[in-house]
Amino acid sequence: MLAPETRTLLSDSLRPPEGMTLDVAVATTYSLDLTTLLLAPLSFALFDYESDDGADSVNPLLLLESISRYSDKVTVFAQAGAISVPSGSHHRLFPFIEGSIVEVGIESGLFHPKVWVLRFADAVGRHQHRILVLSRNLTFDTSWDTVLRLDETVDGPADAGSVADLIERLPDLDVGRDDGTRRDDVFSLAASVRVARFAPPAPFTSLQFLVFGSAPSPRPFPENSDRLLAITPFVGKAALVDLGRGTTTKMLVSRDRTLDELGSKALAEWSVHVLDPNTESSTDEDEDAAVAEVPSRGLHAKTYVFDQGSSATVVTGSVNLTAAALNKNIEVAVSMTGPRSSCGVAAMLDGPRDAPGFGAILSPYTVESIDGELDGTAQLEWEIEAFHQLLAMARPSLLIQTNDDQTADMKATFDGLPPLVGESSIRPISVKTVVDLDDAAGLTWQIAQVNVTPFLAVETTLTRNGLTARRSCVLKAHLTGDVGDRKRDALRSVLNNRDDVIRYLLFLLGDPRYADAGMHAADLARQDSGNDGSNGAFTMNLALLEPLIRAVGRDGDAFTRVAALMEHLRQLPDGEELMPPELQELWDVLWLVHQERVR
Amino acid sequence: MTSTIGWLDTDETHRRKSLEIIDLFKDQGTVDEIGIGAIRDAIADVLFPFTSVLHTRVKYALFIPWIMRDVGAHGRPVDKAMSDLRWMEVRLIESLVSGYEGETTGVGIIGSQARSKVKRLPSAAYWRSLGGWDLTRWDTSLEGHLRRSRAVGRMNLDDPTSEDPGSGRKTDVTGLDPSLVPADPGFLDRATFDLTCEQRDYLTERIGESTEGSLLSWFCFNDTTTSVDDVAWAWDHPAIEHVPAELQTWLDHGRRFSLAIHGAALVYNLLLSEKSKDDDLADSYRGEIRAWRDELQRERTFSGWDRDEFWQLLSTRNRIQPRTRTFVGMWLNLVDADDDVADSAHARDLVAHREQSIKGSRSRLSNPAALDAWQGRSGLVELEYRWSVVRRMLTDFKNAEAAC
């Protein structure tokens, strides 16, 4: 169980079951990398991708296709003030994902659960739910994290009532201006998942969802056990004592910094380990960060294993071993029970040489300091984090004024700035020019219209007693003024020539089951026509004609998608150039036919 | 569909890298203690593209496509296809065990110990290589391949013109090289890694063409018959002087670097044995360091070594971290100037600092518990840039000659 070689891709976990498509999805996370929302829909659209270079290495037509189909069906709830500055900066397709993001906050504690709840549907309207319980946020971290995938099963032993309750509550936690467009979807998902049943992975036999943050908090851990293994990157002393009180043989796997802070006295009864540093590849390109900083690699999983007689209980999810996690934050974990021989501590740690257990990649660790060394910068980081949350909750607004020369003026305002912490700068994520946050009147920029974005990046530096901490985050502002049709402009920036338009049409007309094959066909069609997209003439190709005609007759959805594209293109100043004349003529005819049929 | 629990990877590349690290981990000798993996991999990728430490025998490059063809042909939904694949690969393990009549030590059967409990299947180890060697034609993950195969197959069924032989519109369903040699009959019941003449010719042609410009390609086209059993290092291959100059340059740099940096790993182990207060072990490492110094002399490692060219060539391949470059640069300068590194405070500090900078407070030199867990010898297999994998491949090709 959880051998190091048992690995799962997130994209595989999101992919719809055979013959079904995504109906609605809700994801919860503490921190969010915007680029993940560009790439996640690719999985719904059945495309494969590599995320190494972020979204830039993925064909923009693929992104456009999957986003335009699915981003309206996905809503992500993230801790306000914890959206990270995307590594690739601004992507021209971000306008499509803005509506999916809801910043949330609770009064005391953090929004910390890492869960996907998905509902898939087939052509006749049958539903199937899936729940993913992860330890990783919606980011591109490469740390050691777990993913538990639960597919709806007719006779499963567990129901997801507590998860449904959490989902229903989410729209009320919105710190921004809730425009209510996603409420119906969210409530519908809560209602349907409430009556779905789930089974744990073999060989576990029972399963229970644990949702923290709504009174009363669950008591997730058994009081006594014969042997206990705790894997958690963050540990509080009191929580550690509580966890280990009823067990004599106990092992803790955590990060070196955390263990150093606890001190050897607090760890006296524990067998203390860290991930062997040789498991972190020195060939990783982002290794420029000093080891002392919080690594995006390293241990991040939160899994607890308890041996009890011939059974074992495993608790896994978002819960760190801290008072905040157990008593204040919103968290989601799962508790599962199974036979000790295959689910217990030994089963997790041991294994033969060619299928090593988790123990093979651990290294014992000595904590030098007796009482623990407090990390001074952690306190500073926490203060900045709290400040960023308040900033996000101060309802930032951006007033847009377009000018004749393809530029726009943007002015940022807040509903009352919270007391400033440290020194902060702010900028729209699409530009590099920063402005000091304390210059309330000066939060203005003049930028290219295509760079208008609601996302503002804030970077704060706080220095005290010789220690310095720095943190950045993205705020989602409310756009007002000359907002225009930003999705249409983004579309235009991706469709560069007629060839692109044809390829995109092929996607829109394609059966999502064949989406992958559709890309294949698009390539073939282009080869067949001998056209490389650069010259103006384009011979209408069988590959496109048939699906168009079929769409009029049978596939209402596809037809609507194409109609929307045609409208967008028509409204563009140079839309005519992008549209092959034959296609225009054909479309006019098909539109008339469609009107007749609809009448 | 069944529920699952596992470790999370963001994409295929990360999954592969994670598996490779875990694999190097299984042998204390191959662990990269001083953080020079990026240099090692850059050189290995130039010489032997798409080879991997996860590889054992070259016939897997046929077994996997044969199995994929079977699985793809059934056109089952992807999750069922994936379990079909796993089932067939486990059968292959048993089939190979039968083929060697249980004498499986050293043969290279992936999963021979774990059998049906194996976590990492041969298909995961070879998939990227199959793509690189043009044995598979679609640029997707393994699961993506099965998905596309099924989707294209159904598209062909739906498309009435595909029945018209003249239409030429039938899209390739298998995603495999159309000229893939036929499967050995009954290979899932009893099999060995022996290649027929036809299979050898097919593999050398495919691998040679797809990796053109590399040393692997040169071997495929020019020499698959020389015995390499005793050839410990790629640069010792009997035919090396006939290899194109550019490759000889890379080999030369690789040879010099492998020996020169080995001293740093020796010093690291010396420091650990001193810290553990094991005098005998420390003495034996001093002895090894002396022997290493002698070898440096004999091999004239530093004489005529254009280290600027070394770094310049590396930078065309991989991004080498500035800290790594600094460490390696300083180490090489130290050894060049005075190779008495066992007692040189400068050299010892350099190595200790290097471990600290990559492992922080988990380094063995600063963490007593980690030091206690040290087994006495670590990271001392000299860099050979996956030659041992290629040597086995060439031996398999050579053995096929007898059947021609």
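The chains referred to below are lettered A, B, ... by the order of the sequence lines, with proteins before strands, and numbering in each begins at 1.
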Answer whether the closest heavy-atom distance between the side chains of A/Thr6 and B/Arg120 falls below 4.5 Å.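 Contact flag for A/Thr6/B/Arg120 side chains = no.
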If you count heavy-atom pairs under 4.5 Å between each of [options] and chain B, which one has the most?
| options | answer |
| --- | --- |
| A/Thr146, A/Leu9, A/Val274 | A/Leu9 |
| A/Leu207, A/Ile131, A/Val272, A/Leu275 | A/Leu275 |
| A/Leu134, A/Asp260, A/Asp276 | A/Asp276 |

Do A/Asn278 side-chain atoms and B/Val31 backbone N/O form a donor-acceptor pair below 3.5 Å?
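No; zero donor-acceptor contacts below 3.5 Å.
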> Quick check: does any side chain N or O of B/Ser3 sit under 3.5 Å from a backbone N or O of A/Ala199, one acting as donor and the other as acceptor?
Replying inline: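 Such a contact is found between B/Ser3 side chain and A/Ala199 backbone.
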Exercise: identify the closest heavy-atom pair between [X] and [Y]:
| X | Y | result |
| --- | --- | --- |
| B/Leu8 | A/Arg7 | O-NH2, 4.3 Å |
| A/Glu5 | B/Leu19 | CG-CD2, 3.8 Å |
| A/Pro364 | B/Asn367 | O-OD1, 3.9 Å |
| B/Ile5 | A/Leu2 | CG1-CD2, 4.1 Å |
| A/Thr142 | B/His14 | CG2-NE2, 3.3 Å |

Legend entry - Part of B/Ser366 within contact of chain A (heavy atom distance under 4.5 Å):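 Interface part for B/Ser366: backbone (N, CA, C, O).
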Please table the atom pairs, donor to acceptor, closer than 3.5 Å between any side-chain atom in residues 104-112 of chain B and protein atoms at least two apart or in another chain.
unit_1	atom_1	unit_2	atom_2	d
B/Ser112	OG	B/Ile109	O	3.4

ask   = Can A/Arg15 and B/Glu143 be counted as an ion pair, charged N to O under 4.0 angstrom?
value =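 Here A/Arg15 pairs with B/Glu143 in a salt bridge, since their nearest N and O are under 4.0 Å apart.
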Please report the interatomic distance [atom1]([X]) to [atom2]([Y]), rounded to the nearest 0.5 Å.
| X | Y | atom1 | atom2 | value |
| --- | --- | --- | --- | --- |
| B/Arg15 | A/Thr8 | CZ | OG1 | 7.5 Å |
| B/Arg147 | A/Glu18 | CZ | CD | 9.5 Å |
| A/Leu132 | B/Thr4 | CG | OG1 | 8.5 Å |

Specify which of [options] makes the most heavy-atom pairs with chain A at under 4.5 Å.
| options | answer |
| --- | --- |
| B/Ala370, B/Pro77, B/Ala373, B/Ala124 | B/Pro77 |
| B/Ile22, B/Val78, B/Ile320 | B/Ile22 |
| B/Lys119, B/Gln113, B/Lys117 | B/Gln113 |

Part of [X] lying under 4.5 Å from any heavy atom of chain B:
| X | result |
| --- | --- |
| A/Pro200 | backbone |
| A/Thr316 | side chain |
| A/Ala360 | backbone |

Exercise for the section: Anything under 30° is parallel, anything over 60° is perpendicular, the rest tilted; go ahead and classify A/Trp144 against B/Trp7. Expected result: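 Ring orientation, 0 to 90° scale: perpendicular.
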* When A/Pro277 is tested against each of B/Arg362, B/Glu355, B/Glu33, B/Arg364 for side chain to side chain contact (heavy atoms under 4.5 Å, CB included), which residue passes? ->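 Exactly one option meets the side chain to side chain contact (heavy atoms under 4.5 Å, CB included) with A/Pro277, and it is B/Arg362.
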### Task
Sequence neighbours left out, what passes ring pair (Phe, Tyr, Trp, His ring centres under 6.0 Å) with A/Trp270? Give chain and number order.
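For A/Trp270, no residue satisfies ring pair (Phe, Tyr, Trp, His ring centres under 6.0 Å) once neighbours in sequence are set aside.
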